[in-house]
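First listed ligand is number 1; within each ligand, the first listed atom is number 1.
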Amino acid sequence: MMNVLVVGGAGYIGSHCVRQLVAAGHRPVVLDNLVFGHRAAVASDIAFYNADLGDPVAVSQILRDESIELVMHFAAFAYVGESVTEPRKYYENNFVATLRLLEAMLDNGVKKFVFSSTCATYGEPQSLPIVETLPQAPINPYGQTKLDVENCLKAFAHAYGLSFAAFRYFNAAGAAEDGSIGEDHSPETHLIPLVIDAATGRREHIKIFGTDYDTPDGTCLRDYVHVDDLSRAHIAVFEKLERPGAAHFYNLGTGRPNSVREIIAAVEAVTGLKVPVVEDARRAGDPPALYADSRKAQDELGWKIKFTEVQAIIETAWRWHQANPEGFKGPN
Ligand code: UFG
């Protein structure tokens, strides 16, 4: 049993991870400033602190009071387009605040860290599927700030004995199987929730961003991975962090790409509803195809992908949506 501080534990991936930690017998403690997180996404019997990860006084206090042994960090801004127009926000929140968090950890002798990184650190990959050893060349400040943290972690592992794992997520999707928590971003930009909204009529239509890519049906290929599968990898890595200075990088994706059109068809199959579609221009900065080789996580962590089919992932998203069509209730 470990006492784990989950920074961003009221957000989409963080809140699912909190529940997986409980299921695995650990004690999660949540820190979230509720800028994007939802208080209702965290059960009321979990210790919750409304604080900022970049506030070293608050973080140090929590680390000590709760006898924290390991920190997981999910609290980043993640709008790729906004990162291009407002890079200050991204360097500040995703890099500078993370540095403050790491400093508070080191000052208090907490030396195990699990970091949410992204496939956006690879930019436009030179080959597919993406293996961890490919060059990382992000094409936007979002991906760059995540890569900057990865590099900072490497140096801290070497110099200070920090042990860490950085998980490079592909497209996180789906919701808890019981439909109790799920994806609720404001604004929403992710494909699956938008297609569901177009199916139910909450949105007029879904725009397909680009139909002339060099892919089988002309639309972009992405690797949609279930949020609970992602979460389980974060716990499976714990024993790898026992060795001081351990530095691990893992891709997390299913390795099975789906096109935008396939996602629309899968939502229609799951919901039984027709999705109105408008074909639109390409979105700036979208690589044609991104999908993972995640054999490293599978081999080294025994990571098992439960949701190998995108339709099963969409079923969980649909269940959450039907139970909570307006998302989480109450203010953030
Ligand atoms: N798409 C549409 N219409 C929409 C929304 C999306 O056609 O209304 C397309 C996109 O062009 C893309 C695919 O659907 O081809 C998936 O788009 P998302 O916005 O859902 O996800 P991304 O692949 O752009 O982004 C994800 C993560 C980011 C991360 C990025 C790495 O959400 O945090 O992968 O490339 F940075």
Side-chain angles (χ1 to χ4, degrees), residues 8 11-14 36 74-84 87 90 93-94 115-125 128-130 134 136-150 166-174 183-185 187-199 202-227 230 251-254 257-267 275-292 310 313-314 317:
Y12 173 43
I13 304 174
F36 286 114
F74 299 94
F77 291 160
Y79 292 111
V80 170
E82 184 190 53
S83 81
V84 177
Y90 284 73
N93 188 68
N94 294 7
F115 179 60
S116 299
S117 189
T118 169
C119 64
T121 59
Y122 296 107
E124 304 229 6
L128 290 163
I130 297 174
L134 278 191
Q136 288 172 288
I139 55 172
N140 50 61
Y142 168 69
Q144 185 62 52
T145 58
K146 291 283 184 176
L147 180 57
D148 290 342
V149 172
E150 284 195 8
F167 287 113
R168 298 177 187 148
Y169 308 151
F170 284 67
N171 290 57
E183 190 167 9
D184 179 5
H185 295 110
E188 189 55 79
T189 59
H190 296 98
L191 182 65
I192 291 174
L194 291 178
V195 176
I196 288 177
D197 279 350
R202 292 184 85 240
R203 284 174 200 264
E204 257 175 48
H205 52 250
I206 184 76
K207 282 185 183 165
I208 300 183
F209 296 146
T211 53
D212 59 349
Y213 283 100
D214 184 16
T215 57
D217 68 16
T219 67
C220 287
L221 295 173
R222 291 289 181 275
D223 182 336
Y224 298 88
V225 53
H226 194 275
V227 62
L230 289 183
N251 287 339
L252 294 181
T254 66
N258 287 104
S259 72
V260 177
R261 289 194 203 278
E262 284 172 341
I263 295 296
I264 293 168
V267 169
V275 175
V277 168
V278 169
E279 297 189 357
D280 202 357
R282 292 183 179 196
R283 185 173 69 178
D286 269 342
L290 292 171
Y291 51 97
V310 82
I313 296 176
I314 290 172

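For the atom pair N93 CG and S83 OG, the distance stands at 12.5 Å (nearest 0.5 Å). For the atom pair NE2 (H205) and CD (E279), the distance works out to 12.0 Å, reported to the nearest 0.5 Å. Here the SG-CD distance, from C119 to Q136, works out to 11.0 Å after rounding to the nearest 0.5 Å.
Here the heavy atom of the protein found nearest to atom 11 (O) of ligand 1 is D286 OD2, 2.6 Å. If you check which protein heavy atom lies closest to atom 36 (F) of ligand 1, you get Y142 CE2, 2.9 Å. Of all protein heavy atoms, the one closest to atom 21 (O) of ligand 1 is N171 ND2, 3.1 Å. C220 CB, 3.0 Å is the protein heavy atom nearest to atom 15 (O) of ligand 1. Protein heavy atom closest to atom 20 (O) of ligand 1, with residue, atom name and distance, is L191 N, 2.8 Å. Shortest contact from atom 7 (O) of ligand 1 to any protein heavy atom: F209 N, 2.9 Å. If you check which protein heavy atom lies closest to atom 9 (C) of ligand 1, you get V260 CG2, 3.8 Å. Atom 16 (C) of ligand 1 has as its closest protein heavy atom Y224 OH, 3.5 Å.
Side chains of E82 and Y90: a donor on one and an acceptor on the other come within 3.5 Å.
Listed by atom number, the atoms of ligand 1 under 4.0 Å from T189 heavy atoms are 5 (C), 19 (O). For ligand 1 and K207, the ligand atoms under 4.0 Å from any heavy atom of the residue are 2 (C), 3 (N), 4 (C), 7 (O), 8 (O). Atom numbering of ligand 1 starts at 1 in the shown order; those under 4.0 Å from a heavy atom of T118 are 29 (C), 36 (F). Taking every non-hydrogen atom of I208 and a distance limit under 4.0 Å, the qualifying atoms of ligand 1 come out as 7 (O). Less than 4.0 angstrom separates some heavy atom of L194 from each of these atoms of ligand 1: 8 (O). Each of the atoms 31 (C) of ligand 1 lies under 4.0 Å from some heavy atom of C119.
Considering every non-hydrogen atom in both T254 and D223, the closest pair reads N-OD1, 2.7 Å.
At a heavy-atom cutoff of 4.0 Å, ligand 1 is contacted by the side chain of I206 but not by its backbone.
Taking F115 as the reference, H73 meet the ring pair (Phe, Tyr, Trp, His ring centres under 6.0 Å) condition, with sequence neighbours excluded. Contacts of Y291 classified as ring pair (Phe, Tyr, Trp, His ring centres under 6.0 Å), with partners at least two apart in sequence or in another chain: none.
Taking the six-membered ring for Trp and the full ring otherwise, the centers of F36 and F77 sit less than 6.0 Å from each other.
Of the candidates E188, R222, R283, K146, it is R283 that places a heavy atom closest to atom 24 (O) of ligand 1. For atom 27 (C) of ligand 1, the candidate residues are H185, H190, E279; the nearest heavy-atom contact is made by H190.
Side chain of R282 to main chain of P288: no donor-acceptor pair is present (N/O by atom type, distance under 3.5 Å, no hydrogens or angles). Between the side chain of Y122 and the backbone N or O of L290 there is no donor-acceptor pair closer than 3.5 Å.
Proximity of atom 30 (C) of ligand 1 to the protein is not indicated, since no non-hydrogen protein atom lies closer than 4.0 angstrom.
Ion pair E262/R222 not flagged as a salt bridge, since none of the NZ, NE, NH1 or NH2 atoms sits closer than 4.0 Å to an Asp/Glu carboxylate oxygen.
Where the criterion is an N or O separation shorter than 3.5 Å, residue side chain and backbone included, V80 fails it with respect to ligand 1. In terms of polar-atom proximity, L290 is not counted as a contact of ligand 1, lacking any N or O under 3.5 Å from an N or O of the ligand.
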Item to complete: Go through the steps to decide whether I208 and I264 satisfy the test side-chain contact (heavy atoms from CB on, under 4.5 Å), and finish with yes or no.
Response: CA-CA 10 Å; I208 300 183; I264 293 168; 3.8 Å; yes
